[in-house]
Amino acid sequence: MNLDSEFNEIIKYAHFWNWLPDWEVAKNVYKSFPESYSILLPFAYSYLEEAIRSTTSEYGREFIKENRKTRKTGIDLINLAISENRNNIEYVSHLKKLKKYFNKSSSIDSGNNRNGVDHGYIHPRFWEKEDFEKLICDIAILSKYSKF
């Protein structure tokens, strides 16, 4: 696993204004401070969802809470991307593998994690450097499919 090339692959496809500068910083921070993975992990998860969203009909749409139109997140977002991209077998196959990153929160998780939101969570206590590096590799694979 060559994380430098994985970061470069993400940067190659990242949205120029919205994500590219942040990925450059993330790459430099991680290179200088490998233990920064716990700070960078939430950023990487956010990007993962936005990259997936960029391949769906939800990308770029405004959602109004008053009308109860909400964005899909986590597993629901992946399922939307799968249904709207079913002709791209390679991409769909990768999307299915990404479901491992989204565990549904339950009532017993309440207050026990800072990421207990609708799309799921990963408890900060269980974040490991290897988890971050695997996520970066998966994002790099997904990057060429994004439609930023």
Side-chain angles (χ1 to χ4, degrees), residues 1-65 69-105 109 112-148:
M1 175 181 341
N2 180 354
L3 273 194
D4 202 45
S5 67
E6 306 292 350
F7 273 110
N8 288 339
E9 185 71 3
I10 295 167
I11 289 166
K12 178 178 172 182
Y13 292 99
H15 187 282
F16 186 77
W17 294 109
N18 294 340
W19 293 100
L20 179 64
D22 297 328
W23 274 111
E24 290 282 357
V25 170
K27 175 184 172 183
N28 292 333
V29 167
Y30 191 67
K31 208 176 202 178
S32 299
F33 305 99
E35 295 306 311
S36 64
Y37 66 87
S38 65
I39 295 167
L40 298 173
L41 204 78
F43 165 75
Y45 270 102
S46 297
Y47 182 82
L48 174 64
E49 281 203 342
E50 192 66 6
I52 294 168
R53 183 169 283 107
S54 76
T55 67
T56 72
S57 57
E58 285 194 356
Y59 186 63
R61 289 180 52 201
E62 292 289 326
F63 288 84
I64 303 168
K65 288 184 180 182
K69 293 179 184 176
T70 58
R71 293 180 139 199
K72 293 190 180 343
T73 56
I75 298 294
D76 292 336
L77 177 62
I78 290 174
N79 288 336
L80 175 65
I82 289 170
S83 71
E84 291 184 356
N85 292 278
R86 62 180 148 253
N87 292 336
N88 189 336
I89 296 166
E90 188 178 306
Y91 179 53
V92 167
S93 174
H94 188 62
L95 285 170
K96 289 177 180 177
K97 293 174 188 172
L98 295 176
K99 287 183 177 185
K100 67 185 175 195
Y101 291 113
F102 299 97
N103 299 315
K104 290 286 187 183
S105 296
D109 299 319
N112 194 27
N113 66 80
R114 65 183 182 201
N115 292 322
V117 293
D118 288 340
H119 66 274
Y121 75 99
I122 181 170
H123 196 292
R125 181 174 2 132
F126 302 117
W127 291 352
E128 299 287 337
K129 184 177 180 179
E130 294 77 27
D131 298 323
F132 174 73
E133 291 179 354
K134 286 178 192 173
L135 178 60
I136 294 301
C137 290
D138 282 333
I139 292 171
I141 292 168
L142 175 83
S143 290
K144 70 180 180 181
Y145 302 104
S146 64
K147 297 179 182 174
F148 290 121

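If you read the sequence from its start, that first residue is 1, and numbering goes on from there.
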Report yes or no: does [X] contribute a side-chain atom to a donor-acceptor pair with the main-chain N or O of [Y] at less than 3.5 Å?
| X | Y | result |
| --- | --- | --- |
| S32 | N28 | yes |
| R53 | K72 | yes |
| T56 | E58 | yes |
| N85 | N88 | no |

Which heavy-atom pair separates [X] from [Y] by the least distance, and what is that distance?
| X | Y | result |
| --- | --- | --- |
| T55 | S146 | CG2-CA, 4.1 Å |
| I139 | A44 | CD1-O, 3.4 Å |
| P42 | S38 | CD-O, 3.5 Å |
| K129 | P34 | NZ-CB, 3.6 Å |

Does a donor on one side chain sit under 3.5 Å from an acceptor on the other, for [X] and [Y]?
| X | Y | value |
| --- | --- | --- |
| D138 | Y101 | yes |
| N8 | K27 | yes |
| E133 | Y30 | yes |
| T73 | E49 | no |

With side chains defined as the heavy atoms from C-beta onward, is the minimum distance between [X] and [Y] less than 4.5 Å?
| X | Y | value |
| --- | --- | --- |
| K99 | N79 | yes |
| W19 | I10 | no |
| Y91 | L142 | yes |
| K144 | E90 | yes |

*Would one find more than 12 heavy atoms of other residues, nucleotides or ligands at under 6.0 Å from atom NZ of K97?*
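No, NZ of K97 has 12 or fewer neighbouring heavy atoms, counting only those of other groups under 6.0 Å.
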_Around atom CD of E84, are there more than 12 heavy atoms from other residues, nucleotides or ligands closer than 6.0 Å?_
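Enclosed.
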_Check: Y13 ring centre within less than 6.0 Å of Y145 ring centre_ =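 Between Y13 and Y145, the centre distance exceeds or equals 6.0 Å.
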*Decide yes or no on side-chain contact (heavy atoms from CB on, under 4.5 Å) for L98 and L95, but give the supporting numbers first.*
CA-CA 5 Å; L98 295 176; L95 285 170; 4.3 Å; yes
*With respect to W23, which candidate in F16, Y47, F148 satisfies the ring pair (Phe, Tyr, Trp, His ring centres under 6.0 Å) definition?*
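Single pass found, and it is Y47.
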*Are D4 and K31 within salt-bridge range, i.e. N to O under 4.0 Å?*
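Between K31 and D4 there is a salt bridge, with a charged N closer than 4.0 Å to a carboxylate O.
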*Would I11 and E24 satisfy side-chain contact (heavy atoms from CB on, under 4.5 Å), going step by step from the backbone distance to the final call?*
CA-CA 7 Å; I11 289 166; E24 290 282 357; 3.5 Å; yes
